[in-house]
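Structure record follows, encoded as structure tokens.
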Amino acid sequence: MIKVTLPDGAVKELPKGSSAMDVAKSISEGFARNVISAKVNDKTVEVTTPITTDANVTLYTFDNEEGKKAFWHSSAHILAQALEKLYPGIKLTIGPAIENGFYYDVDSGEQTIREEDFKKIEDKFLELAREKADFSLREVSKADALAKYKAEGNEYKVELIENLNDGEITFCDHSDFTDLCRGGHIPNTGIVKAVKIMNVAGAYWRADQTKNQLVRVYGISFPKQKMLTEYLELLELAKQRDHRKLGKELELFTFSEKVGQGLPLWLPKGAMLRERLENFLKKAQVKAGYLPVITPHIGHKDLYVTSGHYEKYGADSFQSILTPHEGEEFLLKPMNCPHHCEIYKTSPKSYKDLPVRFAEFGTVYRYEQSGELHGLTRVRGFTQDDAHLFCRPDQVEDEFMKVIDLVLYVFGALGFEDFTAQISLRDPDNKEKYIGSDENWEKAEQAIINTANAKGLKTVVETGEAAFYGPKLDFMVKDALGRSWQLGTIQVDYNLPERFELEYKGSDNEMHRPVMIHRAPFGSMERFVAVLIEHCGGNFPLWLTPDQVGILPVSEKYNENAQNILKLLNNYDIRGFVDERNEKVGRKIRDAEVSKVPFMLIIGEKEAETNIVSVRKHGEGDIGEFSIEEFANIINNEVKKDLNSNNN
RNA sequence: GCCGAUGUAGCUCAGAGGUAGAGCACUUCCUUGGUAAGGAAGAGGUCACGGGUUCAAUUCCCGUCAUUGGCUCCA
């Protein structure tokens with residue numbers, strides 16, 4: 001007999017060699033039917049693997065992340081089997097579970113897999129799933145494993161196996177299908193009841209651009225058809241929040257082929273919204289001791305040679321702008337920091353002057369690969385809410401803390417609660433990608449880790465994600481479709497001060513080198529607005545929204561009254577519009593609702609005679625009658641609340 | 001940049017080897033109305049652009065540009 005300890009502390013005694021499934025059955029038959037995956041002593045196993053010693057056992061159903069992982073990973077095997085049958089001769093590579101579903105990468109040779117084939121693949125998949133074939137794992141020797149795939153001519157699997165050791169190589173069988181796999185499967189294929197092939201895309205072998213491009217087939221599967229339907233409905237809803245769709249509908253921004261790809265055009269409503277965001281941050285920055293500076297959109301090439309940007313990105317940037325006669329080379333500004341360094345140098349600095357904080361909404365231009373451009377989130381011309389803090393080494397941590405506070409204030413005011421603070425460090429195996437001394441890098445990395453921890457941020461560490469001149473703390477937020485974007489960023493930099501020979505005179509009367517902190521709470525105004533649109537689904541906070549109130553006269557007779565009311569509201573700093581069209585109120589209400597106007601005032605005979613307005617709230621309907629002053633207070637109180645709720 | 005898909009009216013989309021359609025928006029007229037679409041008429045398109053095949057191409061083929069799902073990249 002063996003003792004099995006469950007996560008809740010309960011201990012079960014079972015015969016030696018019982019499996020995780022036996023443990024589940026000992027709890028209840030009904031529960032066992034839903035168990036699809038298990039861990040024994042924290043190691044993922046098959047639910048049928050015999051347990052030979054006392055152990056901690058955790059059982060998973062599709063409701064657990066671990067269960068989903070096993071379910072989707074197993075689904076990838078079925079997908080591979082289906083693809084092998086439909087496209088004979090393809091070479092299988094890898095097929096992991098991902099956040100939503102799974103994919104399988106294949107080398108399809110001359111054959112192409114197209115969207116029109118998805119139905120065919122799904123049908124074959126379900127046909128195979130219905131066989132209810134058991135998954136089983138068996139260990140094979142390295143020699144045997146290599147022999148199988150060499151015989152098949154599958155160089156990808158051979159490469160994978162060559163990196164494994166004898167004793168850790170297992171094959172997974174189900175039905176007539178065998179795949180190299182380390183395990184963690186559901187009991188049998190029949191548990192998968194619904195599948196959807198989501199898309200097909202190219203993907204490089206081992207994520208390496210210089211290697212072969214494979215065909216990646218994405219899918220998602222569920223134990224119930226209804227769950228798939230619900231998932232697809234949820235996806236449809238998410239698409240309604242897409243900033244590209246809402247940006248067009250709400251007339252915030254557009255693009256023009258004639259202007260060029262990746263170069264956004266802000267329409268009046270979008271531009272005003274963005275200005276409000278900028279003013280909001282400018283105000284906070286004045287309080288925090290920042291000094292505004294303004295720099296031009298181009299700079300001499302030598303500036304970027306000095307900063308190191310030219311060497312690193314010069315070849316993949318917009319190319320030089322030349323003066324017509326002298327042939328002098330200028331570059332479109334890809335970064336604001338070199339300009340700010342030059343501003344620092346205009347006057348000698350004493351240790352008493354530091355920190356100096358230069359802030360600028362600086363527009364920069366970067367050549368992004370055409371395949372990378374995406375709505376407002378990835379563009380070629382964008383504005384950073386950039387600032388550079390020049391401080392003494394002993395001030396770095398304190399300044400860094402204050403910047404984190406500012407970022408949190410900005411995020412809080414806009415309702416971003418769900419973000420991850422990503423600490424991006426240098427890749428120690430690829431030091432040639434970075435500039436600066438080991439000592440400075442270590443200092444900078446330590447400063448970031450210390451301050452992030454001190455602030456209690458939810459962090460992840462990414463090695464190799466640092467900028468070439470220094471490590472970063474990036475604030476990552478997901479868009480409507482679950483893609484992660486970097487918004488705010490804070491970077492510690494010991495390198496540019498050296499390259500630009502920045503100095504200050506210390507209390508010891510010697511010259512010292514300041515440390516730079518680069519920071520941008522929004523990151524890029526374009527990307528921030530994009531993610532904000534998706535975050536609120538186009539229903540902006542009242543202080544930001546393009547029109548706070550739509551005034552809807554019941555008939556054209558009251559247009560003038562409506563205009564007068566608008567003027568009165570304008571005096572309270574409230575913005576809006578009068579819908580003067582020759583339409584019925586019902587129609588005006590509908591259009592205002594669709595365009596997400598937060599408040600509507602219905603103006604008819606009654607309102608024209610009194611000083612009362614009839615108020616409707618977006619998404620809620622009629623909320624009653626108020627005097628104009630009362631209504632103005634409702635709006636202004638809400639605005640105040642939004643802006644001060646996180647002010648500390 | 002690479003792999004796949006897409007490009008038809010301002011917007012959302014149908015269509016077919018024989019010269020282009022709907023709804024909404026727009027213009028004009030009627031209607032002057034009380035909480036999510038009042039009625040009528042009209043105007044609007046080099047079917048992304050450039051080649052090729054064909055008696056004939058918006059439709060088929062090739063290229064370019066743009067958009068898009070991924071991959072790679074991201075100061």
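Values below: all heavy atoms of this structure, side chains included; hydrogens, waters and symmetry mates excluded. Since the structure is predicted, the reported quantities are computational estimates derived from the model, not experimental observations. Below, chains carry the letters A, B, ... as their sequence lines are ordered, and counting in each starts from 1.
With hydrogens and angles ignored, no donor-acceptor pair under 3.5 angstrom links the side chain of E368(A) to the base of C74(B). Judged by distance alone, with hydrogens and angles left aside, Y204(A) brings a side-chain donor or acceptor within reach of the base of G1(B), the pair sitting under 3.5 Å. Residue-to-nucleotide contacts include no donor-acceptor pair under 3.5 Å from the side chain of E251(A) to the base of G10(B). If you check distances only, the side chain of R366(A) never reaches the base of C74(B) with a donor-acceptor pair under 3.5 Å. The base of A36(B) lies close enough to the side chain of E593(A) for a donor and an acceptor atom to sit less than 3.5 Å apart. If you check distances only, the side chain of R378(A) does reach the base of C73(B) with a donor-acceptor pair under 3.5 Å. The base of G33(B) sits within donor-acceptor range of the side chain of N582(A), with an N or O pair under 3.5 Å.
The separation of G17(B) from U59(B), taken at their P atoms, amounts to 12 Å, rounded to a whole angstrom. Between the C1' atoms of C49(B) and U67(B), the separation comes to 15 Å (whole Å). Comparing the C1' positions of A9(B) and G21(B) gives a spacing of 10 Å, expressed to the nearest Å.
Between the C1' atom of A36(B) and the CD atom of E620(A) lies a distance of 15 Å, rounded to the nearest Å. Regarding E465(A), its CD atom lies at a distance of 13 Å from the C1' atom of A75(B), rounded to whole Å. Nucleotide U68(B) holds its C1' atom 17 Å from the CZ atom of R114(A), rounded to whole Å. Rounded to a whole Å, the CD atom of E116(A) is 11 Å from the C1' atom of G4(B). As a whole-Å value, the separation of I602(A) CD1 from G33(B) C1' is 12 Å. Here the C1' atom of nucleotide G70(B) and the CG atom of L481(A) are 13 Å apart, to the nearest Å. As rounded to whole Å, 14 Å separates atom C1' of U28(B) from atom CD of E583(A).
The phosphate of C74(B) (OP1 or OP2) has no side-chain N or O of Q369(A) nearer than 4.0 angstrom. OP1 or OP2 of C11(B) has not a single side-chain nitrogen or oxygen of K245(A) nearer than 4.0 Å. Here Q213(A) does not reach the OP1 or OP2 of C2(B): none of its side-chain N or O atoms lies under 4.0 Å away. Contact between the side-chain N/O atoms of K472(A) and the OP1/OP2 oxygens of A75(B) is found at a separation under 4.0 Å. Contact between the side-chain N/O atoms of H374(A) and the OP1/OP2 oxygens of G69(B) is found at a separation under 4.0 Å. In this model, the phosphate group of U35(B) is not approached by any side-chain N or O of K588(A) to a distance below 4.0 Å at OP1 or OP2.
M516(A) and C337(A) get closest at one heavy-atom pair: CE-CB, 3.9 Å.
Across all strands shown, the partner of G23(B) is C11(B), judged by Watson-Crick or G-U wobble contacts whose two distances both fall under 3.5 Å. Pairing of U58(B), defined by two Watson-Crick or G-U wobble distances under 3.5 Å, is not identified with any nucleotide. Under the Watson-Crick or G-U wobble criterion, with both distances below 3.5 Å, A36(B) is left unpaired in every strand shown. Searching all strands for a Watson-Crick or G-U wobble partner of C73(B) with both distances below 3.5 Å returns nothing. Pairing partner, U53(B): none, since no Watson-Crick or wobble contact has both distances short of 3.5 Å. Within the shown strands, nothing qualifies as a pairing partner of C47(B) under the Watson-Crick or G-U definition with both distances less than 3.5 Å. Nucleotide A66(B) is matched to U6(B) when pairs are restricted to Watson-Crick or G-U wobble geometry with both distances under 3.5 angstrom.
The aromatic ring of Y313(A) sits over the base of A75(B), with ring centres less than 5.5 Å apart and planes inclined by under 30°.
Comparing E257(A) and I589(A) along RNA chain B, the residue whose closest nucleotide (by nearest heavy atom) sits nearer the 5' end is I589(A). The residue among D208(A) and V594(A) whose nearest nucleotide of RNA chain B is located toward the 5' end is V594(A).
Remark: the backbone N or O of A480(A) is paired with a side-chain donor or acceptor of E534(A) at under 3.5 angstrom. Panel note: side chain K312(A), backbone K433(A); a donor-acceptor pair is recorded below 3.5 Å. A distance-only check finds a donor-acceptor pair linking the side chain of R527(A) to the backbone of T377(A) [under 3.5 Å].
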Please report the C-alpha distance between E155(A) and K91(A) in whole Å, then the side-chain angles of each, then the deciding distance to 0.1 Å, and finally whether the salt bridge (Lys or Arg N to Asp or Glu O under 4.0 Å) criterion is met. CA-CA 9 Å; E155(A) 64 270 32; K91(A) 294 175 189 173; 3.1 Å; yes

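Across all strands, K606(A) comes closer than 4.0 Å to base atoms (heavy-atom distances).
Taking the six-membered ring where tryptophan is involved, the planes of F318(A) and Y367(A) are perpendicular, since the angle between them exceeds 60° and thus also 30°.
Screening V597(A), L569(A), I635(A) for a side chain to side chain contact (heavy atoms under 4.5 Å, CB included) with Q548(A), the sole residue that qualifies is I635(A).
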